[in-house]
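The next block holds one structure in the form of C-alpha cells; read it before the comments.
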Amino acid sequence: MQNFPMKTMHSTKNSVKEKTRKKVVAILNQTLADLTDLYSQTKQAHWNVRGPRFYSLHKLFDDLAGAVEVEIDPLAERITALGGVAAGTVRMAAANSALKEFPTGNDEAGYVAALVDRYAQCGAGVREGIDETAALGDADSADLLTGLSRELDKSLWFLEAHARG
Ligand SMILES: [Fe+2]
C-alpha cells in the first residue's frame with residue numbers, strides 16, 4: 001500500500017507532523033489510485049453492458065460512477081493539503097491500483113458481479129485506511145475516508161440488490 005513514486009513532501013505549517021503526513025499521503029494515494037480505477041471500470045460497465053436490464057443497469061452504473069467521481073477531488077486535495085503530491089493520472093492509477101482489470105465479454109449479471117467485487121474491495125481498503133489514519137492521529141483524513149466508505153457501502157448495496165442469488 002505504501003509503494004508510491006510520489007515521495008516528495010512540500011513544507012507546510014500544517015500542525016500534523018511530517019512523519020505522519022508522509023504515511024497518510026501514502027494511504028490516501030493508494031485510495032486515489034483505487035478510486036480512479038473504480039471510476040473508469042464503472043464507466044466501462046456503463047458503456048458496454050448488454051442484456052434485458054440494459055437501460056436500468058446503464059443508468060445505475062453511470063450514477064455509481066458519478067458518486068465515485070465526486071469523491072476523487074477532495075481526496076486528491078487532502079493529499080496536497082498535507083504537503084504531498086497526488087499521484088492522479090490514469091497511468092499512475094493503473095500502475096498502483098489494487099483492483100483487477102474489468103472483465104471483457106460479460107453479460108449484465110457478470111458486470112454486476114464484477115462491480116460487486118470491486119466496490120467491496122475498495123470499501124474494505126478504505127475502512128482499513130480509516131483505522132490507519134485514525135491511529136496516526138489524523139482525524140481529518142479519517143473523517144474524509146469515513147464519508148467515502150459510507151458512499152462505497154451504499155453503492156455496494158445498490159449493486160448487490162441487482163445481483164442474482
Ligand atoms: Fe453516459
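Predicted model only: the values in this text are computed from it and were never measured.
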On a heavy-atom basis, which atom in E151 and which in A67 lie closest, and how many Å separate them?
OE1-CB, 4.0 Å
Under 4.5 Å between any side-chain heavy atoms of D107 and R50, yes or no?
no
Between OG1 of T133 and CG of L145, what distance do you get to the nearest 0.5 Å?
5.0 Å
Lys/Arg N to Asp/Glu carboxylate O, D153 vs R127, below 4.0 Å:
yes
Has the side chain of N29 got a donor or acceptor atom that lies under 3.5 Å from a matching backbone atom of A86?
no
Any donor-acceptor N/O pair, D143 side chain to A139 backbone, under 3.5 Å:
no
Hey, any chance L75 and V90 share a hydrophobic cluster, counting ILVMFWY side chains that come within less than 4.5 Å of each other, even indirectly?
no
Quick one: does R21's side chain have a donor or acceptor within less than 3.5 Å of a partner on S15's backbone?
no
In Å, rounded to the nearest 0.5 Å, how long is the span from CG of L57 to CD of E108?
5.5 Å
Supply the atom-to-atom distance L115 CG to Q44 CD, rounded to the nearest 0.5 angstrom.
10.0 Å
May I ask you to test the V85-I79 pair for a side-chain heavy-atom distance under 4.5 Å?
no
Is there a side chain to side chain contact (heavy atoms under 4.5 Å, CB included) between I130 and L148? Walk through the geometry before answering.
CA-CA 10 Å; I130 295 168; L148 169 59; over 6 Å; no
Taking every non-hydrogen atom, the tightest pair across G84 and V25
CA-CG2, 3.9 Å
Hey, does D140 have a side-chain heavy atom less than 4.5 Å from the side chain of L82?
no
D34, T36, L35 screened by side-chain contact (heavy atoms from CB on, under 4.5 Å) with V68, the one that passes
L35
Judged by atom type as modelled, is there a donor-acceptor pair below 3.5 Å linking the side chain of N96 to the main-chain atoms of Q30?
no
Nearest 0.5 Å, what's the CD-CG distance between Q121 and L99?
5.0 Å
Go through L60 and L64 one step at a time and tell me if the side chain to side chain contact (heavy atoms under 4.5 Å, CB included) criterion holds.
CA-CA 6 Å; L60 170 68; L64 298 185; 4.0 Å; yes
Linked, directly or transitively: V126 and V70 (ILVMFWY side chains, under 4.5 Å)
no
Does the side chain of Q41 reach to within under 4.5 Å of the side chain of E101, using non-hydrogen atoms?
yes
Would you say that P74 contacts L144 through its side chain, given a criterion of any heavy-atom pair below 4.5 Å between the two side chains?
yes
Criterion side chain to side chain contact (heavy atoms under 4.5 Å, CB included) on T104 and N48, from CA distance to verdict:
CA-CA 9 Å; T104 55; N48 291 297; over 6 Å; no
Please check if the side chain of T20 supplies one atom and the backbone of V16 the other of a donor-acceptor pair under 3.5 Å.
no
For residues D62 and K43, determine if any side-chain heavy atom of one lies less than 4.5 Å from a side-chain heavy atom of the other.
yes
N/O donor-acceptor pair under 3.5 Å between S56 side chain and R53 backbone
yes
Over all heavy atoms of both residues, which pair between G129 and I27 is shortest? Give the atoms and the distance, please.
CA-CG2, 4.0 Å
Starting at NZ of K100, measure out to CG of D37 and round the result to the nearest 0.5 Å.
12.5 Å
Are the side chain of E71 and the backbone of L32 linked by a donor-acceptor contact shorter than 3.5 Å?
no
In a check of ring pair (Phe, Tyr, Trp, His ring centres under 6.0 Å) between F102 and each of Y111, W47, Y39, which one passes?
Y111
Side-chain contact test, heavy atoms from C-beta onward, threshold under 4.5 Å: evaluate it for F61 versus V49 and give yes or no.
yes
Ring geometry between H46 and H58 (parallel below 30°, tilted from 30 to 60°, perpendicular above 60°)
parallel
Under 4.5 Å between any side-chain heavy atoms of E77 and T80, yes or no?
yes
Considering all heavy atoms of both residues, which atom of L28 and which atom of S141 are nearest to each other, and what is their separation?
CD1-OG, 3.9 Å
Is the shortest distance from a Lys or Arg side-chain nitrogen in D138 or K17 to a carboxylate oxygen in the other one below 4.0 Å?
no
Distance in Å, I72 CD1 paired with T31 OG1, rounded so as to fall on 0.5 Å steps:
11.5 Å
